[in-house]
Amino acid sequence: MSEKKKAVYKPKPVSGFPEWLPEERLVEQKWFDHIRRIFERYGYCSIETPSVEELDVISAKGEVDKEIYVLERLHKDDEDDSEARLALHFDQTVPLARYVAQHFNDLVFPFKRYQMQRVWRGERPQAGRFREFYQCDIDVINVDNLPLHFDAEMPAIMWEILSGLPGMEKQNIRMRISNRKILLGIFEKYGLSNSSEILSLIDKKEKIPSAHFQKKLQTLINEGELYNEDIDRKLILSILTKLTEKEFSSAKEIKERIKEFGNKLIPKTREGIEELSFVMDQLSHLPKGAVMADLSIVRGLDYYTGTVYETVFLDDPSYGSICSGGRYDDLAGSYINKHLPGVGISIGFSRLFDRLRRQGAFETTRKSPADILMILYTEERRSEAAATARMLRDRNYNVELYHAPQKIKKQLSYAERKGIPYVWFPPFEDGQPHEIKNMAEGTQAEADPQNWEKDQK
RNA sequence: GCGACUGUAGCUCAGCGGUAGAGCACUCGGUUGUGGUCCGAGAUGUCGCGGGUUCGAACCCCGUCAGUCGCCCCA
């Protein structure tokens, strides 16, 4: 051997591109299984779209202020611009819109699909913020009209999923729902030149001390240029304050709240309130406090036109939303000459998973999917050990046959380190019994590979 | 894109001008057919990178890159 040191490129993680150890990945897979099972329980079908879309598809809706990753060949010629420019998708809604438009004639409507894929955003990574991460989306798209019941189905499905994920038992989360028509209606009636600034402030309400928020809201309303000079700025402030200062647990409460404004609200706002009330009514079967109506929810994506959702940890709302979405009037209009309204919601899978992982909210003792490690004494007894392993695999157990006839001590230590719960001892000599050892209990007993059952947990 | 802070062993960090350290993890051993604990031994570093100051730099200065956190925005 040469004494010279081999040059190594010291590996380091790429920030914002997470990867997990086997024991964490095992839990992640359980999460995916759980989510998939419930999506399918409600009749949603699975699709997968490519990681890339043409840049034209991604930007068809107009300006894209997302940090988009663009694909480029290392070997491309400088003057070669013949190929369409490709970009990694930053969500699953745009690819869905393209997909629906493209396969319009082959799909059955209302089209209900789920999609669990990675998406990419070139933003600055932070806790709970990645550049590559999983989203689990469900959407329903229909032609011309989409019943409002679906707006209630989205959070109902998500609540069922979130509350059943391993590790979520002790988490205190809340889904918040609003309807964009409510606030947008107010601004349509009482037009203010800086309405988007005001909306952005309202959306951040939770992060700002309330006294400070009030002052800022008032300043913005006073600064804004009115489209109609007759409008009373005090009234706008009063309406906005009343509507956004607290959460509502029921439809009744919302209506109670706006009664005093009566005819001062335009039909669009009323419509929004009616829709939100309907959705809240439909969700009354969920546990108390699980879902609240909160009119301060605005949400960034510009294609939402009605219902909007977000979900936060009550003890740490600034971590960001872990499950959000909304309704859009016409998603695929940029790709097909049809009117296709939809509603969808998405789990920020990686954000949620990483938080619980860091908190140690779920067990990560198993580094292997194996239920049983099969001991190998000597090469002479290998075929018997292998046959025993096959028998157990046929009975649906995951069995790993130890790779070399090493000391038992070593084989047990291997099982221990990988978190394999059982170790199987084939007969040491012909005529002797099989034995199974429960690693956690430290107990060992005779066993028959044809009818042994693992302990019920 | 802007701001603050941080880069030393696989990980967490100490050292802050005189030739690189700890804990954890890792490998081997503590004899016959049995893990975790304990004991013993061992391996491990361009002190992020480049330049400057100095007899001498992990340490001081300048630059640069990377990371973390906040802002923006969002899952």
Side-chain angles (χ1 to χ4, degrees), chain A residues 5-18 21 63-68 89-93 115-137 158 162 173 196-197 200-201 203-204 207-208 297-302 304 308-313 318-326 344-355 365 373 375-378 381 402 405-429 432-433 435-445:
Chain A
K5 250 213 161 141
K6 212 171 52 173
V8 295
Y9 181 84
K10 198 174 167 182
K12 52 177 189 283
V14 181
S15 174
F17 292 77
L21 291 169
E63 30 79 63
V64 181
D65 58 347
K66 295 260 180 307
E67 285 279 355
I68 307 276
H89 57 233
F90 63 88
D91 71 3
Q92 294 180 126
T93 311
Q115 214 168 330
M116 311 201 290
Q117 292 183 232
R118 284 179 161 138
V119 304
W120 293 267
R121 292 184 195 174
E123 296 170 278
R124 266 265 181 297
Q126 265 168 51
R129 254 174 89 177
F130 302 101
R131 296 202 273 212
E132 175 180 73
F133 57 97
Y134 279 103
Q135 286 192 169
C136 305
D137 284 37
M158 285 307 183
L162 293 174
I173 58 169
S196 60
E197 230 177 304
S200 160
L201 174 72
D203 199 40
K204 264 178 238 134
K207 286 189 170 181
I208 314 171
I297 305 300
V298 180
R299 307 253 80 232
L301 290 175
D302 43 345
Y304 295 135
V308 285
Y309 318 99
E310 71 171 37
T311 312
V312 292
F313 290 100
S318 64
Y319 185 69
S321 177
I322 47 153
C323 180
S324 36
I345 191 166
S346 170
I347 302 176
F349 185 98
S350 304
R351 170 176 288 182
L352 182 59
F353 183 78
D354 189 43
R355 182 185 171 89
T365 44
L373 180 75
I375 294 285
L376 178 67
Y377 304 116
T378 60
R381 300 203 78 86
Y402 195 76
Q406 293 173 338
K407 290 183 178 172
I408 304 296
K409 187 188 180 78
K410 210 147 182 208
Q411 303 192 35
L412 276 168
S413 161
Y414 177 83
E416 159 72 21
R417 297 214 302 154
K418 285 186 94 169
I420 301 174
Y422 295 96
V423 172
W424 194 281
F425 295 85
F428 286 95
E429 288 165 32
Q432 291 192 337
E435 287 180 20
I436 181 92
K437 177 169 184 141
N438 178 326
M439 293 298 279
E441 307 293 326
T443 53
Q444 192 165 333

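Every chain is numbered from 1 and lettered A, B, ... according to where its sequence line falls, protein lines coming before strand lines. Reckoned from all heavy atoms, side chains included, excluding hydrogens, waters and symmetry mates.
For RNA chain B, the neighbouring residues in residues 419-427 of chain A, judged by any heavy atom under 4.0 Å, are A/Phe425.
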Are there any protein N/O atoms within less than 3.5 Å of an N/O atom in nucleotides 24-29 of chain B, and if so, which ones and at what distance?
residue, atom, partner, partner atom, Å
B/rC26, OP1, A/Arg417, NH1, 2.7
B/rU27, OP1, A/Arg417, NH2, 3.2
B/rC28, OP1, A/Lys410, NZ, 2.7

Tabulate atom names and distances for all N/O pairs under 3.5 angstrom spanning the protein and nucleotides 41-43 of chain B.
none

Each nucleotide N or O in nucleotides 37-39 of chain B that has a protein N or O under 3.5 Å away: list the pair and distance.
none

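Considering only residues two or more places apart in sequence or on other chains, A/Gln92 meets the side-chain hydrogen bond (donor to acceptor under 3.5 Å, both in side chains) condition with A/Asp137. Under the ring-ring contact (aromatic ring centres under 6.0 Å, His included) criterion, A/Phe17 pairs with no residue at all, not counting sequence neighbours. Considering only residues two or more places apart in sequence or on other chains, A/Lys418 meets the salt bridge (Lys or Arg N to Asp or Glu O under 4.0 Å) condition with A/Glu400. By the salt bridge (Lys or Arg N to Asp or Glu O under 4.0 Å) test, A/Arg118 pairs with A/Glu132, sequence neighbours left out. Scored by the side-chain hydrogen bond (donor to acceptor under 3.5 Å, both in side chains) test, A/Gln406 finds A/Tyr402 as partners (sequence neighbours excluded). Not counting sequence neighbours, A/Arg351 has no partner by the salt bridge (Lys or Arg N to Asp or Glu O under 4.0 Å) test. Applying the side-chain hydrogen bond (donor to acceptor under 3.5 Å, both in side chains) test to A/Ser318 and every residue at least two apart in sequence or in another chain returns A/Asp316.
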Nucleotide-resolved protein contact map, nucleotides 3-13 of chain B, B/S/- at heavy-atom distance under 4.0 Å: ------SS---

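Counting non-hydrogen atoms under 4.0 angstrom, A/Phe130 reaches a base of the nucleic acid.
For A/Arg129 and B/rA75, a side-chain-to-base donor-acceptor distance below 3.5 Å is absent, hydrogens and geometry of angles not being considered. A donor N or O paired with an acceptor N or O is found under 3.5 Å between the base of B/rU34 and the side-chain atoms of A/Gln444.
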